[in-house]
Amino acid sequence: MMTNDVLYRIRDLVVEYHTRAGILTAVDHVSFDIRRGEVLGLVGESGCGKSTLGKALMRMIQEPGRIASGELWFDGMNLMQLPPGEMRKLRGSRISMIFQDPMTSLNPVQRVVDHITETIRVHQPQTSEKAARARAAELVDRLGISRNRLDDYPHQLSGGMRQRVMISLALALRADLVIADEATTSLDVIVEAQFLDLLKELREEFNLTILLITHNIGIVAELADRVAVMYAGRMAELAEVHELFERPDHPYTRGLLRAVPNIRLDDAELYKMPGSPPDLVSPPPGCRFHPRCPDVMDICTRQAPTFYENKPGHFVNCWLYQEREENVSLEEASS
Amino acid sequence: MAETHSSPTSEVENIGLLGRFWRGRIWYGTEWYITTFGGLILLAIILMTVFAPWLAPFDPNQFIGAQFTPPGHGKQALLARAGEAPPVDLSDLSGQVIGVQRNRNGANLARELGAKGKRYQTQEDLLAALLDGEVDLIFVDQELAPEIVASYDGLEIVAEGLGRSYPLGTDNLGRDIVSRLIWGARTVLGVALTSALFSSIIGITLGLISGFVSGFLDRVLSLMMDSIYSFPGLLLAIAMVVMLGPGLLNVAVAVSVIYIPTFFRVVRGQVLSVKEELYVEAARSLGAKPLTILTRYIFPNVIPSVVVVFSLNVADAILTEAGLSFVGLGLPPDVPDWGYDLSKGQSFLVAGQWWLITFPGIMITLVAAGFSLLGEGLSEILNPRLVKG
Amino acid sequence: MSPALRRYIIVRVLLTIPMVLILVSLVFIVLRVLPGDPAVAILREGASEEQLASFRAALGLDKPLHVQYVEFLTGVLRFDFGYSMTRKVPVTREIKTFFPATVELALASMFVTAVVGIFSGAFAAQHRKSPADYAIRILSIILYSLPIFWLGLMLQMTFGTGLGWLPVSNRLSPGMAPKEVITGLYTIDAILTGDWALFKDAASHLVLPALTLGLVLAGIFTRLTRANMLDVLEQDFITAGRARGLRERVLVYKHGLRNAFIPIVTLLGLQFALLLAGAILTETTFSWPGMGRLVVDRIYDRDFTTVQGAILFFALLVAGISLVVDILYGFLDPRIRY
Ligand SMILES: Nc1ncnc2c1ncn2[C@@H]1O[C@H](COP(=O)(O)OP(=O)(O)O)[C@@H](O)[C@H]1O
Ligand SMILES: [Mg+2]
């Protein structure tokens, strides 16, 4: 199922928001690959730039933000060079997105079915309204919503059902890549479990690649093949899920994992990381994590480390694992 | 809001009003310039009202010139029979017999110069009198002189540019429009500011009480205010002026009633939200008196919105006052007032005397737009919010 | 109709009762309680004592205030505004004659306002912070700052007396008359009876007044629409729609506008008072024989009963309109609460 074939290659992506307080770099020189067929988890504290990254992958950054630089290669296409009209066609058909709050992500005055048929017909204008409706019915059936809810308005559905509608919208055109941004955050635990099961099934069935954005490490552990950890707009670490959980290299990842309630640790006190995430308008110099880092060294305060493949398939952005001279960039390592 | 509100933007809020305003230039870009533009318009108008006695060339109620002098006109030319022009000493025309046309600026000028004159009904009569030797000299409008000289043989221009001109013309009674505009600004601003002051005092007080006390009183007051708000304001003002009679104060009172609800609503809404905020809860649990909470915590928070509403309401009050004057219910005729000039001037529009109503209308628009621009801009600047994350 | 919606409507109808009561009391206070004697106000200073007394007796103004109030209220409830003091007909008949003209003007202006306001507001919101946005915003402030009657006079001067394209006063040319008065709105009546000459005449008379009033209100409406659209366009479902590949145009004008429409309708209802106030001035400017004209003219005629009746009618009208708008709101929004 999972191959090493790269579906989406992101290089040196920089996203800035121009706020009144100054320029906020929400995504700072981020590089990584999304492999075809994998579930890549993206974790990090709230405000570290996960959603911004997700939107940037669809080139959907709105004013006052913009993609300042970087390369986006999706399935061999250079998205940064794509004209806006072509980019729009890609959205929803080849890359789609599931949002955090299904209540506010559905148009409150539009019927469920119209959401789906509209999406189908914007990408396949030759499809008749009737055919689109039939496909919508089939789709929601598959996702476990009864057909007679099609003509409901979003507010008439339960939270879980709404999120299924969101999935059906994401899958309506069999997108290759689904970006799920905190897709379960608004659901209660039982519905969340059902939702994750559904996602697992669909992944096999639709041959999906999923970028699973979340701040919930548990979900990542359950679903992801690889995990990327973000801190303050930068990639901190990226590795296979077991590798990362068992041998986290970055001090931030270690702290993050210790902060997760763990059944094995029983009554051991939950770790609380000191300090708080930096202000992204004027972040600390050098490594952005250094003010909170237990292993901080002299160089960390002066110069930023590189995101570098420390072990095969295990990337880390930390001075602990690299000499100043032998910086090897991701570009060379992954070729 | 600056002192009591604690938020991550405190640095932004602590640089003082003027500093904040100046910094706004960078934050708000174009909007800031629009606001400032509005403010400058108002500043100019306010200066105009303050210095009206020195700025206005004439008394606004004096019949200074001929009726319906078009803008820029008014200067006279002195004509004589070609070759026969007597030596003219403009400072002393008493030796000459001067012909003028009735109801033209020349007649006024001749009178002021103390010349012995004869008045004629029409321009033809006047010219005939000159050609026949009945008079030695005639005054004609400067603008007409070249044409007259060209079409009548044997006339020449002796002197030009005599007397004064009226930059914006004169009205149907020969009053100087510039002077009326300048003095009218006093009236308009006076009435609008007075009424906004009345309505803000009443509206704020009721709003504070209603929002703070809540319960039955709040519901009744709110319903009352909503009802007044839903009633066409001008009609209410018309009814009140009819009953109270015309006069500056009565008009101001009538107009003020209309705007009480806007102050009430804004203040009440603010009080309700501020009341819920933690620091008021905290103050109350520490045993602060209601009055202290009201004055110390709530009142400072409503000021910014009140300033904005005030500015917008002044704009509206100006229009309402003009509307009242327009339907003939405004101020007494001896008070120079733009709305009054508009309503009197409209009947002369058909005859082509457009300048009677054009300029007062522009002034009203300018001042109302100035207050609106200022209000809109202030609402951004007094309530700084950084872009949310 | 869902039970929730029905309940909502019933509550709303019940809420109208205190509103009517307050409005009527407000009119009573202004006309009867405020300092200023209606008898003196109408007959002016210098009227003899007998004249004043007979005037008061005729209107019941000599009775104690509470008695007057009760009579006043019962009169309103029976829709009986008394007799016109100058025309010797019931005031209600006068209102019936003049009201349709106001309705016609109001509807036509509202059309202008809605079309201009919604499109320029939505456009400005879509192109936020662009030069077009600033231009639209400044223009709308200037529009709203125009004295209505002045704009009317300027339009008259340009298109009426100047270019001679359009008539500048009255509802019809002399000699024209509807064959049959059905609604009292001449344009509608003309369509209903298929009288195209009448339609053309009535419509050409309507253009300038409707444009005058409509444009001034469009100034406010543009700003309201823009603000509401900005709120809506920031919402998640717009982002979600964009992520599905929907076109910006569809997002703004279909999804955005449909959602912004709900608050806009409410605001339109609130602006109704402004519409009526503006109509008074527009009618005066264009000699349009509507309710505003009626009030202003009868003030000059010192016809106290008609003025009082017309003002009361306005009070009932605004209460009725706000009820209708709220009910409309209930139908527009599928998420009806209450
Ligand atoms: N529209 C915006 N304007 C300004 N700053 C923004 C905007 N959206 C996000 N940001 C800022 O970018 C940073 C990253 O935000 P986001 O991508 O939403 O983080 P996450 O999804 O990880 O919580 C935050 O500091 C946030 O304040
Ligand atoms: Mg997020």
Side-chain angles (χ1 to χ4, degrees), chain A residues 18 51 54-55 57-64 84-111 114-116 118-124 151-156 162 165-166 168-173 175 178-179 181 186, chain C residues 1-5 8 118 122 124-134 226 228-266 328-338:
Chain A
H18 292 250
S51 300
K55 280 191 211 142
L57 296 193
M58 297 183 84
R59 262 183 63 195
M60 277 200 356
I61 301 293
Q62 292 284 112
E63 283 284 310
E86 295 301 310
M87 190 62 224
R88 181 186 62 73
K89 286 183 192 153
L90 222 64
R91 293 187 200 119
S93 64
R94 301 213 51 200
I95 311 177
S96 54
M97 197 152 181
I98 306 175
F99 293 87
Q100 171 168 353
D101 188 349
M103 180 70 230
T104 60
S105 301
L106 293 168
N107 183 345
V109 298
Q110 194 181 29
R111 293 174 198 278
D114 295 332
H115 282 89
I116 304 174
E118 184 184 35
T119 309
I120 294 174
R121 290 181 39 144
V122 71
H123 292 293
Q124 300 173 350
D151 284 314
D152 282 2
Y153 286 98
H155 73 276
Q156 293 168 308
R162 275 185 222 126
V165 172
M166 290 306 293
S168 71
L169 285 170
L171 299 185
L173 289 132
V178 172
I179 300 171
D181 187 358
S186 69
Chain C
M1 201 190 301
S2 70
L5 186 58
Y8 166 78
I118 290 179
Q126 184 189 358
H127 301 275
R128 188 180 180 188
K129 298 207 165 187
S130 71
D133 179 28
Y134 288 113
R226 178 179 175 276
N228 279 294
M229 280 296 283
L230 284 180
D231 283 351
V232 171
L233 292 181
E234 262 179 18
Q235 286 180 22
D236 291 347
F237 67 84
I238 296 290
T239 314
R242 190 173 289 126
R244 292 202 296 277
L246 302 187
R247 291 184 174 80
E248 285 301 310
R249 201 163 17 89
V250 173
L251 289 171
V252 173
Y253 292 98
K254 181 178 166 195
H255 295 260
L257 207 51
R258 173 80 210 281
N259 274 277
F261 207 64
I262 296 165
I264 286 173
V265 164
T266 326
L328 199 65
Y329 183 98
F331 279 102
L332 265 180
D333 191 344
R335 295 158 293 182
I336 185 74
R337 301 118 301 186
Y338 262 83

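Residue numbering restarts at 1 for every chain, and letters A, B, ... go by the order of the sequence lines.
Neither the backbone nor the side chain of I179(A) comes within less than 4.5 Å of any heavy atom of chain C. Of the atoms belonging to T104(A), heavy atoms from both backbone and side chain fall under 4.5 Å from chain C. Heavy atoms closer than 4.5 Å to chain C are found in the side chain of Q62(A), but not in its backbone.
Proximity of a side-chain donor or acceptor of R91(A) to a complementary backbone N or O of R244(C) within less than 3.5 Å is not detected.
Distance CG/D114(A) to NZ/K254(C): 7.0 Å, rounded to 0.5 Å.
Considering every non-hydrogen atom in both A240(C) and F99(A), the closest pair reads CA-CE1, 3.4 Å. Heavy-atom minimum distance, V122(A) versus G245(C): CG2-O, 3.9 Å.
Between chain A and the residues T239(C), V250(C), L246(C), the largest count of heavy-atom pairs under 4.5 Å involves L246(C). When the candidates R128(C), Q235(C), R247(C) are compared by the number of heavy-atom contacts under 4.5 Å with chain A, R247(C) comes out ahead.
Side-chain contact between Q110(A) and R258(C): absent, with no pair of heavy atoms (C-beta onward) separated by less than 4.5 Å.
For the side chain to side chain contact (heavy atoms under 4.5 Å, CB included) test with R242(C), the passing option among M58(A), R88(A), M97(A), M60(A) is M60(A); the others fail.
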